[in-house]
Amino acid sequence: MNQGPGDSRRIVGVGALLLAAVAMVAFAGNSLLCRQALRPRAIDPTSFTLLRIVAGALMLSLLCARRGVRATLHAGSWRSALALTGYAVAFALAYVALDAATGTLVLFGAVQVTMLAWGLWRGERPPFLAWIGFAAATTGLAALLLPGVTAPDPAGLALMTAAGISWGVYSLRGRGTADPVAATTANFLRAGPMCLVASAFALPFATPHVGLEGAVLACVSGAITSGLGYVIWYAAVRRLSATQAAMAQLSVPVLAAIGGVLLLGEELSSRLLLAAVLVLGGAALAVAARRA
């Protein structure tokens, strides 16, 4: 039976949404894998980061093998690789003290606030509702930082905030990239030596230890939920509107929280739930207002 134009568009839309859903599960999985790897002390944070980046670089290089290494390296930049390294190192260090739900919420909120703040700095003038959303998201992050009995570890929060800012910078630098898969591959390849240097600097403060479970989780995080996850996301985002893409990312903290409760036995505090409502609701409002 022949399909009409409307049916074709609908099928393409469903396919893109399915790809986006898989990518969001992969991104949430990064938090769960890192948290699980560090909780039983199966691996130290810097070794986890190094293995994650190397595994991701290998997977992405295989996907870009037809282009050649030299052609791929021209697609990235050392500054973007530095931002990627800052994100990855701070991300793993933060999860020594944070649970998956809190860490993902802070990471996501910091990314969104960074990108919105950059737009304001560059002279963008969003509508009034976008300002309300920006204020709500910032308030939600601040609510987690306030001292109290249920307050998360402040050092962990600071590190995850730094990770979010670094990822926001990396995302801003990658906007408009002609070939995002090649650029990501090149940045992962450059980030490998940087993570090795970070591991060397960490030697005076912690003894590296890599168990089988920790190594497997780090490689899965790098090759599958990072490397393949990014490729799937890039395939989906080309077929989604900007609003759909932004809204899809709102699901990542929710998925990480559900996974943390079901798979890692974590608990959701009232403070975290309140912050989640403010951050996710504020980000959704800001995105919707800016795209209206």
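Predicted model, so just to flag it, every value in this text is computed and none were measured.
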Check the pair Met194, Leu82 against side chain to side chain contact (heavy atoms under 4.5 Å, CB included), reporting the backbone distance first and the verdict last. CA-CA 7 Å; Met194 294 184 182; Leu82 181 61; 4.1 Å; yes
The criterion is ring-ring contact (aromatic ring centres under 6.0 Å, His included); which residues satisfy it with Tyr170, sequence neighbours excluded? Trp167
Linked, directly or transitively: Leu273 and Leu255 (ILVMFWY side chains, under 4.5 Å): yes
Would a distance-only check, ignoring hydrogens and angles, find a side-chain to backbone donor-acceptor pair under 3.5 Å from Arg52 to Leu217? no
CG of Leu196 to CD1 of Ile53: how many Å apart, nearest 0.5 Å? 12.5 Å
Flag the pair Thr161 / Ile165 as yes when at least one side-chain heavy-atom distance between them is below 4.5 Å, and no otherwise. yes
Look at the side-chain heavy atoms of Ile, Leu, Val, Met, Phe, Trp and Tyr, link any pair under 4.5 Å apart, and say whether Val169 and Val106 land in one connected group. no
Smallest heavy-atom separation, Ala136 atom then Gly282 atom, equals CB-CA, 3.9 Å
Given 3.5 Å as the limit, does a donor-acceptor pair link the side chain of Asn187 with the main chain of Ser77, or not? yes
Residues that Asp99 engages under side chain to side chain donor-acceptor pair (under 3.5 Å), provided they are two or more places apart: Thr102
Starting from Leu159, can I reach Phe108 by hopping between I/L/V/M/F/W/Y residues whose side chains sit under 4.5 Å apart? no
Under the criterion side chain to side chain contact (heavy atoms under 4.5 Å, CB included), I'd like the reasoning laid out for Trp233 against Gln249: C-alpha separation, chi angles, the key distance, then a yes or no. CA-CA 10 Å; Trp233 174 240; Gln249 295 179 67; 3.8 Å; yes
Taking the side chain as C-beta and beyond, is there a heavy-atom pair between Leu264 and Gln36 under 4.5 Å? yes
What is the minimum heavy-atom distance between Met160 and Gly103, and which atoms define it? CG-O, 3.3 Å
Can you find a pair of side-chain heavy atoms, one from Leu278 and one from Thr138, that are under 4.5 Å apart? no
To the closest 0.5 Å, what do you measure between OG1 (Thr114) and CG (Leu172)? 8.0 Å
Measure across Gly164 and Ala110 and return the closest heavy-atom pair with its distance rounded to 0.1 Å. CA-CB, 3.7 Å
Would you say that Leu58 contacts Leu62 through its side chain, given a criterion of any heavy-atom pair below 4.5 Å between the two side chains? no
Could you tell me whether the side chain of Ser47 reaches within less than 4.5 Å of the side chain of His209, counting heavy atoms only? no
Distance-only, no hydrogens or angles: does the Glu213 side chain make a donor-acceptor pair with backbone N or O of Ala37 under 3.5 Å? no
Within-4.5 Å side-chain heavy-atom neighbours: Asp44 and Thr207: no
I want to check something: taking the side chain as every heavy atom from C-beta on, are Leu38 and Cys34 in contact at a cut-off of under 4.5 Å? yes
Start with the C-alpha distance between Ile258 and Val254, add both sets of side-chain angles, then the distance that settles side chain to side chain contact (heavy atoms under 4.5 Å, CB included), and finish with yes or no. CA-CA 6 Å; Ile258 294 173; Val254 178; 4.0 Å; yes
I need the Leu107 CG to Gln112 CD distance, nearest 0.5 Å. 10.0 Å
Distance-minimising heavy-atom pair for Phe188 and Ala57: CD2-N, 3.7 Å
Could you list the donor-acceptor pairs under 3.5 angstrom formed between side-chain atoms of residues 16-33 and any protein atom two or more places apart in sequence or on another chain?
unit_1, atom_1, unit_2, atom_2, d
Asn30, OD1, Ser221, OG, 2.9
Asn30, OD1, Thr225, OG1, 2.6
Asn30, OD1, Ser226, OG, 3.2
Asn30, ND2, Thr225, O, 3.4
Asn30, ND2, Ser226, OG, 3.4
Ser31, OG, Tyr95, OH, 2.9
Ser31, OG, Thr104, OG1, 2.9

Spacing of CZ belonging to Arg190 relative to OG belonging to Ser80, to within rounding of 0.5 Å: 8.5 Å
Inter-residue atom distance Leu280.CG - Leu105.CG, 0.5 Å rounding: 6.0 Å
Is a donor from one side chain sitting under 3.5 angstrom from an acceptor on the other, for Thr49 and Thr46? no
Which heavy-atom pair separates Ala182 from Cys64 by the least distance, and what is that distance? CA-SG, 4.2 Å
Give a yes or no on whether Val181 and Leu228 share a hydrophobic cluster (residues Ile, Leu, Val, Met, Phe, Trp, Tyr; joining criterion: side-chain heavy atoms under 4.5 Å apart). yes
Please give me the minimum heavy-atom distance between Leu50 and Cys195, naming the atom from each residue. CD1-CB, 3.9 Å
So, do Val210 and Leu51 sit near enough that their side-chain heavy atoms are less than 4.5 Å apart? yes
Rounded to the nearest 0.5 Å, how far apart are CG of Leu263 and CZ of Arg35? 13.5 Å
Cluster overlap Val54 with Phe201, hydrophobic side-chain contacts below 4.5 Å: no
